[in-house]
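Only one structure is covered here, and it is reproduced in the block below.
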Amino acid sequence: MGQNITRKIIADHLISGDMVPGAEIALKIDQTLTQDATGTMACLQFEAIGLPRVKTELSVSYVDHNTLQMGFRNPDDHRYLRTMAAKYGIVFSPAGTGICHQLHLENFARPGKTLIGSDSHTPTAGGVGSLAMGAGGLSVALAMAGEAYFISMPKVVKVNLTGRLKGWAAGKDVILKLLGMLTVKGGVGKVFEFAGPGVQTLTVPERATITNMGAELGATTSIFPSDEQTRRFFACMGREDEWVELLPNTDAEYDEVVEIDLSALEPLVAQPHMPDRVCTVRELAGLKVDQAAIGSCTNSSYADLKTTALALNGKKTHAETDLLISPGSKQVVKMLARENLIEPMLDAGARLLECTCGPCIGMGGSPTSAGVSVRTFNRNFEGRSGTQDGQVYLASAQTAVNLALAGEFTDPAQWGEAPARVELPQSAPSIRDLFIFPPADGADVTVLMGPNIVPLSKFEAMPDSFAVKVLLKVEDNITTDHILPAGAQITALRSNIPAISEYIFSRVDEGFVARIKKEGQGVILGGENYGQGSSREHAALGPRHLGVKAVIVKSLARIHRANLVNFGILPLLLVNPADYDKLAEGDSLTILASAIPAGQTAAITTANGRRIDVTNDLTEKELEIIKAGGLLNYVRGQQA
Ligand code: MIC
Ligand code: SF4
């Protein structure tokens, strides 16, 4: 059978397991990336493993999320990350150099390699043919220690691209189209592999936008072949020697096929508050736009910002619309500066921000009350912008800049003739010497830790049986932003679990933390796709710290499921979705953990003797991990 590229890379890295969709497989990981919001925990976990040096081909530690550095907490964490990187052989990217995924794409990602990152948008590197996946911090720490990464073998979906983008349609519209078709849970257990004649018409920045936001489908990852476009990108980045061709066999087989005609796409937008609430820009004509923000790991490339600058040239943004621009990297800024493309942005009235995540994670740039913000980002979950009733729409840079000029949604037919799509220059100024490469031997380096870093407390093993109450009932598509909100104030506490736990579910139900503290333990009842969104393991660690023993849901998002296992929370799936309606907050349940078989159905009982059938998709080993109280306990037990 002809191989697709996903299966080729998996076969090359397979340590154990059968490549049958749904079966557990273990993969060798070549590269890792971490960022500062999840990385401090991941690095502490790596240190706890006790190795003198990372065992990957390359590990990079980026500082890009918590760069507001209000008070000592984040600067202290960043100093820890810098010294820790030097000691253990990790490349360090200081604050302001750029956003992890943009930097990794430009400087380190390689076709055919495996990469895991403690950030859900790690699949950005799939734009150059890496098999790149988001993971919890502990999984990344283990990969840095040379351990395998376990996933369930994905189905491979061929996204057959035909035609070519026309007019104002952009790479972003390809992924918005897919989200509209498949929804935020349409990709669970799948890799989206782009193929067909349309592929060669898309540049690497456009491809990276698509693979980046494939995370919003709930997919394991997304990937493009490595072809002539990819070679040109590597040449521009000054690393053509790292390029290799990676194509599917001509008779490659796939588990599923989705068709997209690029020629038929028009500018699209995702409406509040879900990335799959997609409609055309045209349909919203007349809606006032209070803010536009261009940047984030989705659309902050040279191509996106050159498009922006050319559209702004000689014009002014609407007087009642703020335009914020965050470049993806200092390389992008240097490329723009070289072509005098910064001036048109400044003269148009745009605000040029640092090369960081910024407004995407609520680090400044929040919209006005109920304000409409059009963002080139990947997530528009309620409250994520920092304004609880902010109305965030997701769109391409082309759309955002045109709406910033008009001050309202307009029909793209009124935007004039679309300019030619931006091509990459032959070469770009390098920023390679801004990375801090580790010394050959880090033995003498002292790792510096500030008071914000509180070591993880030890979790108890799971009791054989426990009586608990349902302490919170939530609906479908609960995101990790619902479980643990982002924003400057809360994200500053990522290396202090007791402190950050005070905010668990704070935006969903202010009383939750007090309730669980009073009860000592409890369970969460949820709907479909529970835990979608980010990779932050704090959304499992915090609940675990507070005493959450199990989540009982209709279905789970991939990375959050892994984080629950890693920190010893039982992820149980309702066999009869109708039981969701029968259970209420405050109901008492008895769970016989010792009688829950891996991958099979078991019953839990309510106080009035009613039986609720639950199942799980856990392997024997995962169940052992949970019963041990989490992966750290399990590994300690194995060592003993
Ligand atoms: C996000 O976009 O939600 C984040 C912030 O980058 C997260 C990581 C985190 O919470 O630190 C992600 O995508 O995994
Ligand atoms: Fe940063 Fe936003 Fe990308 Fe997350 S989605 S890595 S917060 S830019």
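Worth saying up front: this structure is predicted, and the values here are computed from it rather than measured. Keep in mind that the numbers below use all heavy atoms, side chains included, and drop hydrogens, waters and symmetry copies. Just follow the structure's listing: the first ligand is 1, and inside any ligand the first atom is 1.
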N-O pairing of Asp276 and Lys185 below 4.0 Å = no

Does a salt bridge link Glu622 with Arg561, judged by any charged N lying under 4.0 Å from a carboxylate O?
-> yes

Numbered atoms and elements of ligand 2 in range of Asn378, under 4.0 angstrom, heavy atoms = 5 (S)

Side-chain donor-acceptor pair present, Asn452, Asn496, cut-off under 3.5 Å = no

Pairs involving residues 298-308, ordered by first then second residue, that meet salt bridge (charged side-chain N to carboxylate O under 4.0 Å, His left out) (sequence neighbours left out) | Lys306-Glu339

Exercise: do Thr32 and Ser59 side chains pair donor with acceptor under 3.5 Å | yes

Of all pairs that satisfy ring pair (Phe, Tyr, Trp, His ring centres under 6.0 Å), the ones with a partner from residues 487-506, not counting sequence neighbours | Phe505-Phe512

Pair His560 + Tyr530: ring centers closer than 6.0 Å | yes

Check each heavy atom of Arg375 against ligand 2 and say whether those closer than 4.0 Å belong to the side chain, the backbone, both or neither.
-> neither

Near Arg384 (heavy-atom distance under 4.0 Å), the atoms of ligand 2 are 2 (Fe), 5 (S), 7 (S)

Using heavy atoms and a cut-off under 4.0 Å, could you grab the residues that are in contact with ligand 1, chain by chain, numbers ascending?
-> Gln35, Ala37, Thr38, His65, Asp119, Ser120, His121, Ile361, Arg379, Arg384, Arg494, Ser534, Ser535, Arg536

With a 4.5 Å limit on heavy-atom distance, are the side chains of Ile453 and Leu44 in contact?
-> yes

Are side-chain heavy atoms of Asn66 and Met363 found at a separation under 4.5 Å?
-> yes

What is the distance from atom OG1 of Thr317 to atom CZ of Arg351, rounded to the nearest 0.5 Å?
-> 11.5 Å

Metal environment of atom 1 (Fe) of ligand 2, protein N/O/S under 2.8 Å | Cys357 SG

How long is the gap from CD on Gln532 to CG on Leu556, to the nearest 0.5 Å?
-> 12.0 Å

